[in-house]
Each structure stands twice: as structure tokens, then as C-alpha cells.
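When a ligand or atom number is given, it counts from 1 through the structure's own listing order.
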Amino acid sequence: MALVVQKYGGSSVADAQKIKNVAKRIADCKKKGDQVVVVVSAMGDTTDDLIQLAKTICSKPDKRELDVLLSTGEIVSSTLLAMCLTEMGCQSISLNGQQAGIQTDTAYSSARILKVEARRVKSELEKGNVVIVAGFQGITASLDITTLGRGGSDTTAVALAAALGAKVVGRYTDTEGVFTADPRVVPDAKPLSEISYEEMLELATYGSKVIHPRAVELGELYNIPILVASSFNDKPGTLIHGEVSMENRNKVRSVCHDLDIAKITVVGIPDRPGIASALFVPLAEAGLSVDTIVQNASVNNITDLTFTTTKGEFEKSMAVINPLAKSIGAKQVSADSKVGKVSIIGTGMQNTPGYAARMFNTLSKEGINILLISTSEIRITCIIAEDRVKDAVKALHKAFQLDQVKS
Ligand code: ASP
Ligand code: MG
């Protein structure tokens, strides 16, 4: 008898029919004799709707109250799924985050899981129940409800799997797995049968919406493979794990893109110690997260510093940066909110020359201007004009022969 942990995303439980469909899959799994724990997201766009609802009541909802409100989304879906299963003759019980023992810190809206005390989950499994856990939520030491950040149900599932000693997490949604590019942009993108944690972490951080990066991080930390597959068909999906076969390693695995980017450059900064902290500490204190940061080598002790934010945080970041730039003696602040980024990712690029050149060459042939470049050992990212991002993804997918990948 194996212990199976499955997670179903919001699109998979978006309406009554979809909940019934998911319940059938779970019941079939249980019939094989396995113990089954299921983590669910809120139905469809429930979380967005709840946020909007709060905003119609007050402009700046209290963080504690907002987390309680948002946690109800997953409670609704978990209870409906449990009812449905039980009616189908598959004994089931729903548990909220607290009951499932998801203990977190006090960072409302982006809480971190400190510990999973899964005693109740285990005892319900022993009674023969399928246990449906409301994802995305936890409880602080002083019994306040927290949420784990958008997309946080993935993290709940991996954390529970680690605590219960499950061998693998099945993460089911409306996508069939991890592709060589977003299939909505590149119709002949191919599904990958497997991908390493580190590649998936880069992909998830640089625009792929397939799985939340924190869940991948946790999977790697506890060495729990995550199978990403569709809840609507039986296609094999993509296994995210640590032992990707050698043959697959030696190339670019995927092209990903992100349109939710804005770029801010502080121009003509007198170069002296403390400049970066003078800009980024206040940004952090304002709760604004920056992404790519590039500082130029200084000429005559004058340097430029560029960073990116999400489009949603662009205005707020500008409001913080403008007065700071003045106070540190910078010449001006220039900004562009109509940018996006495109990245190629693959452990095969590590220590192998030529990939960056090929990427730049491909973009140049398309007449695409590169505004900023950033790299890690296994990723090359270019920030380019927003309206050229899709052209860039298509061209790179072809240039790196990802259309020929065998799935
Ligand atoms: N319902 C939450 C969200 O939409 C958490 C999740 O779906 O994982 O972000
Ligand atoms: Mg959701």
C-alpha cells in the first residue's frame, strides 16, 4: 500500500462537473488500495474574486482579515470535493490548514511553512479516509490564519508529502506538463517527460506558470519528485526530479517568457559604497520586490543601475526611487514599463560556450533589440520590448531545435 499525495489546481475544480471529474480520479486511485491525500486550490478565480470583493469594502484591507477571507476559497473546494467523494462511496474527510497541521510564520499573505504536524492527517488515513486538505493556508503559533502567497497550494502539497514520507506528488491542472515553450505561443512546443529541479526552478521563476517555484524548491530540499500532469486526460506529464538522464541534459530544455516586467534605470550615480543599499533597502522596506539587477562598471566614478519589477509594482517602485535617486546625486531616473523577458534554460549550457552567442544572434536576425541581459549558470535572459517577446520565443524555440525534441 503506497501513500499518494495529489494536488488539484483551481481550474481542475472550477465547477461542479469538474469537481465530480476530479473525485472520480481520486476514487479510482483509492480503489487500487493506496492511501490518498489530496490538496486543492480554490475553485477557478475564487481567490481573485475574494480580493476584489475585499477591495469593494475598503481600499487597503487589513492583512490578517484578508488572509482569513482568502483561506475560505480552499475550504469551499475541499469540502465540496469531500462531499462528492463520500457520496460516490469513497469515504472522505476535508481538513483546513490548521487541522492538517500546517504551521507557519506570521507573514500574512506570504507566510512560510515552519513545520507540518500531520498527526490528524495520518489518523484519518488510518481510518480509511481519503483526506482532502485545503491548500494555500496555515496557522501561526498564536492561532491566526495565514496564506502562503498566490499559487501556494503547490507548496502545501509538497510540504505535506515531505511530512508524510510520500514518494511522489502528483500535481494536476489544466496543463499537460512542462513544455519546451508555452504552447499558446509556440503551437509545436513539445511536452518534456522529465526536468531537473534546478531547471524547473529557473523556469518557474522566469515566467513558466506551470508550478510555483517555492514548491519546486521544497521538492528539491526533501528530494520529492513532482509529477505535473493534466487532470482532464491521462497523458503522462512531466516528472520534476533530481535524476534526469544524462542524454537529456546536454541541451537547452525550454524557452520561457514573462510579460509582467517593468524596467527602471537610475542614471549617473556617483559611485561610492552604500549606493545599492540606499536604493534597495527602502524598496524592500516598502514590500516591493525587485528582480533582475544590473549595475554598470563605473566610468569616471559615475555608474548606472538598472532593475526590473512587476508591472503591478512599477508605479509604487518609481514613487520610492525618484526621491532616493535625487538624494544620492543621480542624474535622472528612466523607466520603461513596456518590456518583457525571454529566457533559455538548460543545465546543458553549463560550462559550454556558444549558447549566449546563438541566442543573441537569433534575436538580432529578428531585428529584436536587447535592453538588458542577465544569466545564471543554466539560464540566459534578455529583457526586450514587450511587443517582440512572442516573436523572440518562437525564433529561439526554432533556433535551439526544440521543435525536434522527442516527447
Ligand atoms: N487559490 C490561491 C491562488 O489562486 C492558491 C492556489 O491556487 O494555489 O493563488
Ligand atoms: Mg488559483
Q.
With a cutoff of 4.0 Å, is Gly152 in contact with ligand 1, counting heavy atoms of the residue only?
A. yes

Q) What do you reckon, does Gly151 put a non-hydrogen atom under 4.0 Å from ligand 1? A) yes

Q) Salt bridge check: are Asp28 and Arg25 linked by an N-O gap of less than 4.0 Å? A) no

Q.
By the definition side chain to side chain contact (heavy atoms under 4.5 Å, CB included), identify the one residue from Thr381, Leu396, Val389 that meets it with His257.
A.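 Single pass found, and it is Val389.
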
**Q.** Options Glu74, Lys7, Arg150, ranked by nearest heavy atom to atom 5 (C) of ligand 1, top entry
**A.** Glu74

Q. Less than 3.5 Å between some nitrogen or oxygen of Ser41 and one of ligand 1, yes or no?
A.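 N/O-N/O distance under 3.5 Å: yes.
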
Q | Asp67 and Thr147 side chains, donor-acceptor separation under 3.5 Å | A |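 Judged by distance alone, the side chains do pair up.
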
Q. Taking the inter-plane angle between the rings of Phe280 and Phe307 on a 0 to 90° scale, is it parallel (under 30°), tilted (30 to 60°) or perpendicular (over 60°)?
A. perpendicular

